Structure formats: structure tokens, C-alpha cells
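Just so we're clear, the structure is a prediction, and the values are computed from it rather than from any experiment.
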Amino acid sequence: MKNILILTDFSENSWNSITYVLALSENRNCNFYLLNGVNSYENEFEDQSSNQLLLVKNKNEKDSKKEFAKLKDKINNFPLKGNHKFFPIIAETNIIDAARAQIIEKKINLVVIGTNGMLSNGKQNNISPIAEDIITKLKSSILVVPFEARFNGMKEIAFPTDYTNFSEGKLLQNLTYVISYYQCSTRFVYMAKNSAELDKEQQWNKEAIHDYFLDLPHSFHNEINENFELSIENFIKKSNIDLIVMSAKNLNLFEQILFRPKIKNIKYYFKTPFLVLHQFNY
């Protein structure tokens, strides 16, 4: 994680995501690019501004420069500042386009966003469309840090899967340095609604993951439940999970666990960070 892009609107949500990733990156030397840009979704959420995913409310360049000066002071006074370099970026463009350009130009390894839980549309809870677009459209690893998340070490990682993506083991290659550095265990969690039985392709993919992680601490688990969000909630609780890692290709799981869960007030949404891995990083 040498080059890290943090999307910020200078809110407390954003500051929490910054402190989390600084703690995660302690004893490393990283380049942090702090991006403030235009929120093209702003008008869609005027009535929900206190609950939406806050990323990029940019009034003008002068205001942003003042906010960046305050943010610099906060970072300088933070005990885990480390030997990192920080670069403020003000973009007068759509946040997705601005972030995509920075990912390519700066060779970004990780994008960080902060959230304030889920939005409510009156019937069910949903993650903001801004977050959904960031996760699906930016071809980089995305770390989603909920407002109540605190970094207390990294001992247990959960990887929800249905074993339909043969390249998941390879996809986790960028994560092995974290696993080795923190000496944490990876728990592969098979998510299904009715049965734990695997077909031949799923079994082959599971064995491929096992072979890839042969020299790293890992285990396989089954969570069978009609509601995937309850499955992952229960697994997080009983296994003391510090981080949920998912493949961006697994849209089936994303729909229920992250994008459109049917159950309100699930705790992991407010406390447990998500790391979304894409097949290709620029």
C-alpha cells in the first residue's frame, strides 16, 4: 500500500477513515493522496445529507484549501502520523472521474472511503449510490471504513465466497503481505441459502484457494441462511472478524451483504471495514 488515495469531504466520517488507514499503515512509508472533488450526486440526497456517504462537498477551491490546511494540522498532531507523505488534491470534476484519473496517474494501490452506515429509503436500508459506484466503477482495491470502525490490530479476516470465481486465490495475492505482516488468519466463508454441497467447479475452486494459501493460516467455513447479511453478521460475531474482504466480481453477494441488505440495523455495517478487491488494478 505505497500509494493510497483517500476521498475526503473533511467530515468526521472522512477523518475516521484517515485515522483508521494511518493505524493500519503504521511502520510503513506511504504516499497519501487526499482527494476533494465535486459530488455529482449531491442534489439527489438533499433530504438525507446527514446519513449519506459523505465524500466530496466542494464549495470552491478557496474553501477546500482552508479545509486542507486544517486537515494537515490534524494529521500532524495525530500520534500515528508515521513517516508518510501527504498530498492534497482539489478536483473540479465528478468524484468518480477524478478518482479514476488519480488511480492511473499516481498508480494508486488502495482507495479509502468513509461511511456513516446505511441510508434509509423508508422501506429498507441501502448503501449510498455514490459508494456503490465507487466500488463497482473504480478498478482498484477499495477500503470502506464505517464511522464506528476502530483499528485494534488485524487478526481475523473473513472472505465471503460462493466458490464460483476461479481466480479468487490469485485475487488475494495483494493481500498476502497484510496477512504475513499481521500474522492473521483468513476465514473463507461459503455463503449459500439452502445447502453446503458444492458442485465440481466450486470444489475445484475451493481446492485452488487452499493450494494458494497452503503456507498461510486459513480455514474454510459454511454459513447457510436465506439472509446472507445474517450469515456474515453471525460469523463476524463468533469469529471476532477485523476485516471483510470480497471480490468485486461477486455481485450476487454484494447485492445482499453490502448494496441492498433487507435487514435493518445490522451491526457490521457500522463497525466492520470492507476491503473490495478488483481483478485488475492500474
Participant: List the atom of F270, the atom of E148, and the distance in Å for their closest heavy-atom pair.
Facilitator: O-CB, 2.9 Å
Participant: With E156, which residues qualify under salt bridge (Lys or Arg N to Asp or Glu O under 4.0 Å), at least two apart?
Facilitator: R187
Participant: Could you pull out all residues at least two apart from E26 that satisfy side chain to side chain contact (heavy atoms under 4.5 Å, CB included)?
Facilitator: L80
Participant: Taking the side chain as everything from C-beta on, heavy atoms only, tell me whether I89 gets closer than 4.5 Å to K106.
Facilitator: yes
Participant: Applying ring-ring contact (aromatic ring centres under 6.0 Å, His included) as the test, list every pair that has at least one member in residues 234-253; sequence neighbours left out.
Facilitator: H221-F235
Participant: Go through the side-chain N and O atoms of N36 and T8 and say whether any donor and acceptor fall under 3.5 Å apart.
Facilitator: no
Participant: One pair to check against side chain to side chain contact (heavy atoms under 4.5 Å, CB included): V112 and L5. What are the steps and the verdict?
Facilitator: CA-CA 6 Å; V112 180; L5 179 68; over 6 Å; no
Participant: I would like to know whether T272 and L243 meet side chain to side chain contact (heavy atoms under 4.5 Å, CB included); could you show each step before the answer?
Facilitator: CA-CA 6 Å; T272 309; L243 178 70; 5.9 Å; no
Participant: If you apply the rule side chain to side chain contact (heavy atoms under 4.5 Å, CB included), what do you find for R28 with Y181, and how did you get there?
Facilitator: CA-CA 11 Å; R28 295 178 176 84; Y181 182 83; 3.2 Å; yes
Participant: As an exercise, state the distance from CD1 of I4 to SG of C30, rounded to the nearest 0.5 Å.
Facilitator: 4.0 Å
Participant: Side chains of N13 and S11: donor-acceptor distance under 3.5 Å anywhere?
Facilitator: no
Participant: If you measure from the Lys or Arg side-chain nitrogens to the Asp or Glu carboxylate oxygens, is any gap between D73 and K70 under 4.0 Å?
Facilitator: no
Participant: Taking all heavy atoms of P273 and all of Y20, pick out the closest pair and write down the distance.
Facilitator: CG-OH, 3.4 Å
Participant: Any side-chain heavy atom of L143 within less than 4.5 Å of one from I113?
Facilitator: no
Participant: Look up atom CD1 in I103 and atom OG in S141, then write down how far apart they are to the nearest 0.5 Å.
Facilitator: 9.5 Å
Participant: So I236 and K267, do their side chains get closer than 4.5 Å, heavy atoms only?
Facilitator: no
Participant: Any salt bridge (charged side-chain N to carboxylate O under 4.0 Å, His left out) involving residues 194-222? Give me the pairs, sequence neighbours left out, ordered by first then second residue.
Facilitator: none
Participant: Got F32 and S25 here, is their nearest side-chain heavy-atom distance under 4.5 Å?
Facilitator: yes
Participant: Crowded around K74 NZ? As in, over 12 foreign heavy atoms under 6.0 Å?
Facilitator: yes
Participant: Taking only residues two or more places apart in sequence, or in another chain, which ones meet K155 in a side chain to side chain contact (heavy atoms under 4.5 Å, CB included)?
Facilitator: D242
Participant: Kindly give the heavy-atom pair with the smallest separation between V189 and A158, and that separation in Å.
Facilitator: CG2-CB, 4.4 Å
Participant: Considering all heavy atoms of both residues, which atom of H84 and which atom of L22 are nearest to each other, and what is their separation?
Facilitator: CD2-CD2, 3.7 Å
Participant: Taking all heavy atoms of L138 and all of H278, pick out the closest pair and write down the distance.
Facilitator: O-NE2, 3.0 Å
Participant: If you apply the rule salt bridge (Lys or Arg N to Asp or Glu O under 4.0 Å), what do you find for K66 with D63, and how did you get there?
Facilitator: CA-CA 5 Å; K66 289 181 179 179; D63 288 340; 5.0 Å; no
Participant: Between R150 and N16, does any side-chain donor sit less than 3.5 Å from a side-chain acceptor?
Facilitator: yes
Participant: Return the OG to CD1 distance between S140 and I104, rounded to the nearest 0.5 Å.
Facilitator: 10.5 Å
Participant: With a 4.5 Å cut-off on side-chain heavy atoms, are H218 and F159 touching?
Facilitator: no
Participant: Rounded to the nearest 0.5 Å, how far does CE of M154 lie from CG of N152?
Facilitator: 10.0 Å
Participant: Are the side chain of N94 and the backbone N or O of D97 linked by a donor-acceptor pair below 3.5 Å?
Facilitator: yes
Participant: Is there a donor-acceptor pair closer than 3.5 Å between any side-chain N or O of N109 and the backbone N or O of N3?
Facilitator: yes
Participant: In Å and rounded to the nearest 0.5 Å, what is the CD1 to CD1 distance from I142 to I135?
Facilitator: 7.0 Å
Participant: Suppose we screen for side chain to side chain contact (heavy atoms under 4.5 Å, CB included). Which residues come up paired with S231, at least two apart in sequence or across chains?
Facilitator: M191, E223, N225
Participant: Can you check whether L24's main-chain N or O pairs, donor with acceptor, with Y182's side chain at less than 3.5 Å?
Facilitator: yes
Participant: Is any side-chain heavy atom of F86 closer than 4.5 Å to one of N31?
Facilitator: no
Participant: If you define the side chain from C-beta out and look only at heavy atoms, does anything of I179 sit under 4.5 Å from T186?
Facilitator: yes
Participant: Quick check for you: to the nearest 0.5 Å, what is the distance between E67 atom CD and I90 atom CD1?
Facilitator: 10.5 Å
Participant: S180 vs L216, test: side chain to side chain contact (heavy atoms under 4.5 Å, CB included). Steps then yes/no.
Facilitator: CA-CA 8 Å; S180 299; L216 296 169; 3.7 Å; yes
Participant: In the structure I gave you, are the side-chain heavy atoms of L71 and I18 within less than 4.5 Å of one another anywhere?
Facilitator: yes
Participant: Tell me the closest heavy-atom pair linking N205 and Y163, and the distance in Å.
Facilitator: ND2-O, 2.8 Å
Participant: Quick one: does Q102's side chain have a donor or acceptor within less than 3.5 Å of a partner on L35's backbone?
Facilitator: no
